Structure formats: C-alpha cells, structure tokens
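The structure under discussion appears below in the form of structure tokens.
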Amino acid sequence: MGKTRRKTGTTTPRKSRSPRPVRKLKFATDWTYSAAPESTDHVRLESRYGLFIDGKFSEPRSGRYFATISPSTEKKIADVADASTADVGRAVKAARRAFDGTWSKMKPSERGKYIFRIARIIQERAREFAVVESMDGGKPIRESRDVDIPLAAGHFFYYAGWADKLPYAFPCRDPKPVGVAGQIIPWNFPLLMAAWKIAPALATGNTVVLKPAETTPLTALKLAEVIQEADLPPGVVNIITGAGETGAALVNHPDVDKIAFTGSTEVGKIIQKAIAGSKKKFTLELGGKAANIVFEDAAIDQAVEGIVNGIFFNQGHVCCAGSRLFVQESVADDVVRRLKDRMETLIVGDPLDKNTDIGAINSKPQLEKIREYIQIGQDEGAEIYQSSCPLPAKGYWCRPTLFTKASQSHRIVQEEIFGPVLAVQTFRTVEEVIEKANNTPYGLSGGVWTDKGAKIFKITGKLRAGVVWANTFNMFDPSSPFGGYKESGVGREGGLHGLLPYVNLS
Amino acid sequence: MSSLQTLSMTATPSAGVPDLSRVPCVDAVGIEERCSRFQTRSIKKESKVAGLKHVLSMIDLTTLEGQDTPGKVRQLCYKAQHLHDALPRIPHVAAVCVYPTLVRVAHKELEGSGIKVASVATAFPSGQASKKVKITDTKFAVSEGADEVDMVISRGEFHRGEYTYVFDEIAEVKQACGAAHLKVILETGELSTLDNVRRASVLAMHAGADFIKTSTGKIEPAATLQVALVMLQAIRDFYYETGRMVGMKPAGGISRAKLALHYLVMLRETLGQQWMTPRWYRFGASRLANDVLMQIVKEQTGRYQSLDYFSKD
Amino acid sequence: MILKTYKLYIGGKFPRTESGRYDILKTSRGAAVANICRGSRKDFREAVVAARSAAEKWGAASAFLRGQILYRMAEMLQGRASQFVQELELQGFTLRAASRNTEASIDRLVYYAGWADKFQQMFSSVNPVSSSHFNFSMCEPTGVVAVLAPGEGGLLGLVSCLAPVIVGGNTCTLLASQSTPLTAITFAEVLHGSDLPAGVVNILTGRRDELLEPFSTHMDVNAIVYCGSDSKERQETRFNAAGNVKRTVCRHLRDWYSPDAQSPYMIADTQEIKTTWHPIDT
C-alpha cells in the first residue's frame, strides 16, 4: 500500500526527540477472557464400554479392555473393549445376517427413515456429543460444537434422502448394495468420520462393522446408543473398538465385501496389499500435504485467516490441512507479519473452554512426533516462530508453529506432520508455484488466494488434488465430495459421488 | 516509503493522496467468517464486567437531533459524568457529542470533568455543502470549545472517483481543527462495498484523520462488525506503514452491551493492547450506556434489570 | 513373403525394443507370421516417460478436440479395415469374426468419440452446500494409465480398454495381447495418422508375465487397467498397485460385443473427481 505515493509535501524523516517507535502490536492485553468451560453435567458416560454387536453391547471374547484418556488432562475417561479376531468375526456375522435378512430387502424409503432418525437424534444430543468429542479427542468445543457434530448429523440427513433415489444417481444402471462394509476411521474427527462412513453405506443398503480409533472411541460408542434409540434392526451397524490388530482382522475377514479406511498413507497401502487377493472393493482417504498459495493480489487479511484456518484447525490434525504455505515474494514479509500477529491471538488450552482456539494434541505419541518434526525443521535451517501463548501444565500441547525460509527439499515440507506446524515457502510465478505445489506424492487438497477469477480457474485446474479451496479453506459439506488424488487415496466421500463406493452397478 | 514516515504520534497532513489501487482487496465472506468468530467468544464473569467498564469509558454519549436544546444537552452532560451513581467505581464516558450550536453548553457543563466535547461538523450528516461552508462549520465548532470534530466525507465525490477532492477536503478540515482531534466519518452504509470502506479508510488516514468512524447514525446500515473489522485492519496497516496510531469509532446501531463486547473482542484481537483505551477507541451511541449499566448491575446482583431503574437522558 | 518385424510405439515413434529380443508369431498351424518385439522393462520405462510428458497437454485439450481425434481414429481404421481383417485372420480369427471384430472396433471408437464432450456433464455436480460458497465437482483425468489389454477380443478388446482411458484425457501405455500383437501395432499406425499427439498412447508388445511387474509397480503410473481373469495376475496387480496407491481397474469380459462392453462408467474408472469451492458474496 502507498508504495508509489507522490513524494510531495514535507518529509520530516524523524524528530530528534522521539526515537523510532517499535511498530509492534501487543496482544497480551490487560483485558482477557475469563474461563468459560462448557458444562459437562448433561453428559452420561459409562465407566466401561463393551462391543456393539447385533444391536447390543457385549463383553469382548478376549475379556480385555483398554483405557481411553483425555489428552487435555491425561486422566482416564472410560475403559473400552479390545475386540479380538473372534469378536470381529461375531460382528461381521451379525452384519451379514442383517444384510441378508433385513436391510438389503427393506423398502428403500423405510431404510431412509431410519437414517433420518439417526440424524435427528444426533441433533438433539448435539451438546453431549460435542462435549464427549472434546473430552476424548482434545479438540476445542467450538469446533466440535460448530463443525464436527452438525456436519455429522448433516451427513446422515443428506444420505438418508438418497436411500430411495439411488437409480437417479446412476443413470441406466441398477445400483445394488455391496454387502458388509468394514470401516476403519481415524482419531481426528471421530464422530464425523463415523458419519462419513456409515451414512452412505446404510443409504445404499449395506450393513456395517465400524472400528473407531483407539484414542477416540467414545463418540462412536455414543453413536451406538443413538442407533439403538433409532431402533435400527440388530446387526445393521456394529461398532467394535480396538487398535491396529482389530482393524487388520476386519480388513482380512473373508466375509467383508468392502473396506473403507481413513488414516495414514502407510496403513492405506498395507490395506490395499492385504486385500489384493480378494474381490473386496475399497476406498481410502489418506494423508496430505496441501499447498496453500497466496498471490500478491489476494485479499490478504482473509488469506491470513484462511492460512490460520488451514493449518491450525483441529490442532492441524487434518489430512487436508494447508501445511505448505506458498506466498508470492512481493507480499511474503507482509503476510508473515500478519500471520504472526494473528497467531498471537490464538488461545491454546482446555478443549472444553468455549474460547479455546487450539485444543490438546490427540495423544502423547502424536505430540512426540510433532516435536520431532519441529526439531527437524530447526535442524534443516528453517526459521521457527511460535506464538507466545501460555500452555496448561498437564496434557499434550503444542504452540502454533511457523517455519519460514523452508524449501522444497526440507522434510518439514515433504512429510505430513499432522500438527499445528506450517512451512512457509516463497515463489515468484504462477508456473513455479504450480510445479512446487504438485511436487509431492500427495494430492488431497489445495488452496489458492487471488482476486483474479481467470487465475483462480487456471490454478484450481492445475492443482493435482481432490479438493481445491479458492479464497477459502477447510470447508466441508455433506453434499460436497471429498477425497484425494495420487497417494492421498482412492474414491470420494460426501455428495453424489460418495454413493459410488457402496454400490455395485449392473 | 521509509522517507515518508511521519513519526510523531499526532496527525500531520499526509504527504499526498495514497495510491488506492494498492490497497489490499477485501473478501466479504472471509470478513463474515472472522466476525462470527468474534461473536462466539464467550465473555463471562470478571471479563464481562471489566469489558463492560471499558465500553462505558469509550462511549461518545451522543445526541444529534433537530430538536436538541441546551436543556437536553445539559441533562446529557450530567448523565455523562454520573452514569449510575448507585454503582461504585463506574467510569465516566469519553465524550459528549452534539451539534456545533450546542458545543458551548456542553463545554461549560463538562469543564473539569475530563470528558471531551465532540461536535459533528461539515454539514452533518449528508456532507452536501461547499468546502467553504464545511470549513466554517468546523472552525465554529472548535471556537465554541469542541475538543473533537466528527466530519463526514463527501461520499458522492468518493463514488465518482474524485479521491483527491475527498482527500484534500479532509486535510483542510483537519487544518481547520487546529488542536482538536478529527474523526472522519466514512458513512459506510453509503459506500456499498467493503473494498470501498477499506479504501476510504486509507484515504482518510493519509489525509490526517485522528480517528476513523463508521457512520453518522442517520443511514442504515450504520456500524456493523464487518465494516468495523475492515477499518481496524486498515488502521493496523497504516500503523505498520507510518508508525502513526489512528483511533476507531463505530457509531450507530450499537445499543446492546453484548454487541459492544463483540466490538471490544474484535479490537483486542485485531489491534491489541495499545488501542484499548478511550484515547484510541470510541463507541458512538445514545442508548448503549444504560444497557451496559444494566448488565453490570445484573452481574453484581444476579437479577435481570429494568430500564425503569436507569436514567434516560 | 518377407517376415515383417512389428515394432513398438513409443512417444509417437516406432522403435525396436531396446532389448533386441523378438518373438515369432506363428499361426495355429505353426507357420511364422511376423517378428514381434519382446518389449522390456526399459521399453516400458521409456513409454511411461513419453506418456507423462504428453499428459498435461492432452489432459488440457478441449473435449471437442479429443472427440474429433477419436473420430478421426475411427475414420483411419475404417480406411484400413481390410488390413485389420487380414491380420486378425493371421492371428487365428475366421474371416467372419475378423470382419465383425474390425467393424465393432470402428463403432466403439465412434461411440467413445461421442462421449468426449458429454461424460463430464454426466459425472459432474454442482453441490448445494450450506455455506455461502459456490461448490462444484468435476472429472479430471487420473494421469498416466497402464493398460494390460485383454488376451482375447482381438482389436476390439484393445480398443474397448484404450478408448475410455484416452477420451477422458489420460495418456497411456498399453501392453498388447500376446495373441493379437499384429493388430495392436498396426492400430498404432492408425493412431499415428490420426492427429493423436505423440505419447498419448504408447503400445508395447511382449510377454505379460515379464511386464506385469513393472506395469504395476511403476511409481509414475497413476492407474492400471488389468484385463483378464487370471486371479494370480490380478492379485499381483492389485498388490503392486499399492506401492503408490494406483487406481486399479480389473476388467473381465467374456463378450466384447455385449452392450456391457462399452459405457461412460468405464471412462469414469480413470477419472478423478475434483471439488472446487469459492465464496459467494452475501
């Protein structure tokens, strides 16, 4: 701004009495926000959860349980069952029986009503779900309340309506359910991912065995209660808890017809290999290292918001996080300054506090991994900046972190960190930034910020990624397909295109 | 740029008309999203009371009616100093804002109180008068004892791209103000886009505004969180560019304590500590004070309040 | 009669295999018909390089142009129909079957030529999101596709697997059937004369058991179309594809003349769906 200002008038460079003021905004203010914790009175949690199989909670055959802890307090919330191979077998059997016996034969409009009912009950119990999600996973209540839970209910609502309209989705074809779907979901959006998986599967007439992540099983188990309440026929949805071994048993079970997995690229590849000899269909939502590209002609302040939302949303535990920032050189210093200022205003702390912007890192191992990358970034010579916010004493926390002077060959630029760590690179031309943005095995998402329409479409067209946000970032909607190119996965979830993985077309 | 920096903290006329084509553009949906974040901040307990007291101290208690009389203004000036005597440790408002003809009355009433006298000028609220008339209007207000002058920009000239005219007019009014602080009203409700709000802000600051102000209160929409955010961002950039702080005054339509707190949250998270005083931030309002007072009393007593117990001046 | 050597088709050129190895194609009665290049891993590598370098431009070509070129391919094939009939006969087809196969191949190209500017409309969507954003999802080519052409089906099998891949803007490297390599390479000549940019289609001849591994493991191949019914091969393909999360399409058709052998859904098999968001001023 004002760089080409007319040089007229008097220019008194400095008055001797006043030293050059340090131009720095101060966000450590006298006026601060008092603690505003969301009430937890209305939350009903059991001290121990069994496996949800065939419409009932039951003890695991193994007799084993493991604790799920709150990452913000490091305290145990509940014990959950550890499903063994035998338990997986029970669940698949129940799902098969439900598929053959009722669900695939049910009138589609009736099937839809069950799903609508699930959506409604989630809406009614939204506050409880939000609190449990934040307790178990560490994400700020503002996000679980305003994003995760409404979107989860929205997904059920969206797909419920598809149940009796499927032929319209596949012209000239007769879509048939695949059968029993084995679904494995991650810990970053526990209920939302369960909704992404279960809703389209049910709408298309499949039955489900779902395994939530071992660090965040509670909202899935609460969802099992909702499914009971909605009176779904037993076995249509089975929810079994456990770690990697449980997941492997589900993947390898011969009577599972389809695998839907969201998680790391590493595990995705293992699954793809494991089912190579079978006829199982699969969809994979894997890792990402999204480029978020800011041009000099962008609405800079909104771009900065988008950068913040892109990398610090959900502590950066987002596969489509905008973890690589590309800023055009002419505005790089300006953008970084604004970004640093904005980072200073982010509040890190108690996930249940309504004013918290960044909650707890989901688990200790994840925190260690993030810290390792922060060390790597420094060792690689990138310049680190972290906000100066105070952190609680107990729990797993990470300050919003920025690396400037990062380059394409840095590991912090190439590898998925899955935390609130942003690597900033600069660029000069459109061609250069497209090449750099695509220079990754991933291809889940990308962002571009510019005020020029033609440029937007050029870049959104050339980014090799499944979701591209132009002048916005990290937006999701039940009607909007989501999924990756290249090593970021196969298949789409959400929207019309999210039906395809759950049907056989004949 | 560096050779043009003006380092004194009081306004001096800018070196020239800024190049508005270089002003960052604004994405309205992004602004909307940011504003909704401010509105989800939960301000409770001590922070609420402290915030509300901040708000009270930042109010430009305003009466701008054709029917205003010395009697009305005298009562308002008393209210300005005694917001609610039943409550201890309540700050007084920042200023009383009146038409030029009533400045003398206000000045006399407020002498020694620490409360400033602000006056609208420059053919408020339309601004449709010759520059000469506007200068005369300004000089009159100042001569009557105004500490602060709230001028309106010529929106018509702005819309037809006569930025130099708008700039020069502000600069001349600033000169006419002498020692009085100049608040420049953009009348954002007539500027149509947030891009225009941002450009007008930059223009006003470069022309010498001590404050930029959203609205006259006579046009709908008056102040909104969205335009206020755009203006704060312009102030921030101007500060980084020149080192000079410019104040902000949202005005019109802010009558509820809760909304005022949202504005305060926005201020805190956009400009930070330095601006969180009446020296740099004002609310132009006539009814806000009583709602804030009711909220403070409610926090103290735990009972919801009635306006019957708060003086309407 | 001289024994013609059928060369490979890579990057718009007809090179011999770098390996210097040849197989001799024989009739069912054992008479030598032609020398066939026994393509190697390195030939495949070159072919992928060619396909990759052609990918961006072909992917960005207008749907209209791609349709025109496919239609041109059909015209060129029609013009040389008798040669294909003859070669199919040499490869064991009866005259009647050879004619039918050739005619159906022409029809199939015309069919997909017509889809070029329509499948996008069929598989795209504008999504009614709740926030103030314009949101749409559309198809984009997956990129470089490796195709293992079906063992049976003659020219028609090859064309049926190739056309949906390229009409969608992908480039490809195809391994011809071991039983019908002549028509595959002669088809390359048709492609060559059809304004199809160099590298968009690359055709290798050779042995599937040798080439399945490089086809399925190559890290710069985005998708693989496996045609066949050998469960071991299919497993190996699917297993290897995991190395870079290749999209794997397994096709097994008994009857390439059936209505099921052509479909826009086959185009969609090697398409990615890209979703784009942009704010709308409120």
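Proteins come first, then strands; the chains are lettered A, B, ... in the order of their sequence lines, and each starts at number 1. Note that the structure is predicted; figures quoted are calculated from it, not measured.
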Checking Lys232(C) against chain A: side chain, backbone, both or neither under 4.5 Å from a heavy atom? neither
Which portion of Phe473(A) sits near chain C, non-hydrogen atoms under 4.5 angstrom: neither
Determine the option with the most heavy-atom pairs under 4.5 angstrom with chain C, choosing from Leu496(A), Leu286(A), Leu463(A), Ile270(A). Leu463(A)
Of Ile275(A), Leu284(A), Leu500(A), the largest count of non-hydrogen pairs under 4.5 angstrom with chain C goes to Ile275(A)
Please work out whether the ring planes of Phe136(C) and Phe134(C) are parallel, tilted or perpendicular, with thresholds of 30° and 60°. tilted
Is chain A contacted by the side chain of Asn135(C), its backbone, both, or neither, given a heavy-atom distance below 4.5 Å? side chain
Residue from Phe482(A), Phe261(A), Tyr502(A) passing ring-ring contact (aromatic ring centres under 6.0 Å, His included) with Trp196(A): Phe482(A)
Name the member of Ser278(A), Gly443(A), Gly268(A) that forms the most heavy-atom pairs with chain C at distances under 4.5 Å. Ser278(A)
Please classify the contact of Met138(C) with chain A as side chain, backbone, both or neither, using a heavy-atom distance under 4.5 Å. neither
So, the part of Pro259(C) with a heavy atom under 4.5 Å from chain A: the answer is neither
Between Ala223(C), Ser131(C), Ala241(C), which has the largest tally of heavy atom pairs under 4.5 Å with chain A? Ala241(C)
Is the terminal nitrogen or CZ of Lys273(A) (NZ for Lys, CZ for Arg) located under 6.0 angstrom from the six-membered ring centre of Phe239(C) and within 45° of that ring's axis? yes
Answer with yes or no after comparing the ring centroid distance for Tyr265(C) and Phe123(C) against a 6.0 Å cut-off, counting only values under it. yes
Please classify the contact between Thr237(C) and chain A as side chain, backbone, both or neither, with a heavy-atom cut-off of under 4.5 Å. neither
Cation-aromatic face contact Lys452(A)/Phe295(A), 6.0 Å, 45 degrees: no
Report the option among Gly277(A), Ala465(A), Gly489(A), Ala276(A) that has the most heavy-atom pairs separated by less than 4.5 Å from atoms of chain C. Ala276(A)
So that I know where these two stand, are Phe156(A) and Phe116(A) an aromatic pair - ring centroids less than 6.0 Å apart? no
Bottom line for Ser231(C): the part with an atom under 4.5 Å from chain A's heavy atoms is neither
Report yes if some heavy atom in the side chain of Cys139(C) is under 4.5 Å from a heavy atom in the side chain of Ile273(C); otherwise report no. yes
Are more than 12 heavy atoms, taken from residues, nucleotides or ligands other than Lys279(A), located less than 6.0 Å from that residue's NZ atom? no
Which bit of Glu56(C) comes within less than 4.5 Å of chain A, counting heavy atoms only: side chain, backbone, both or neither? side chain
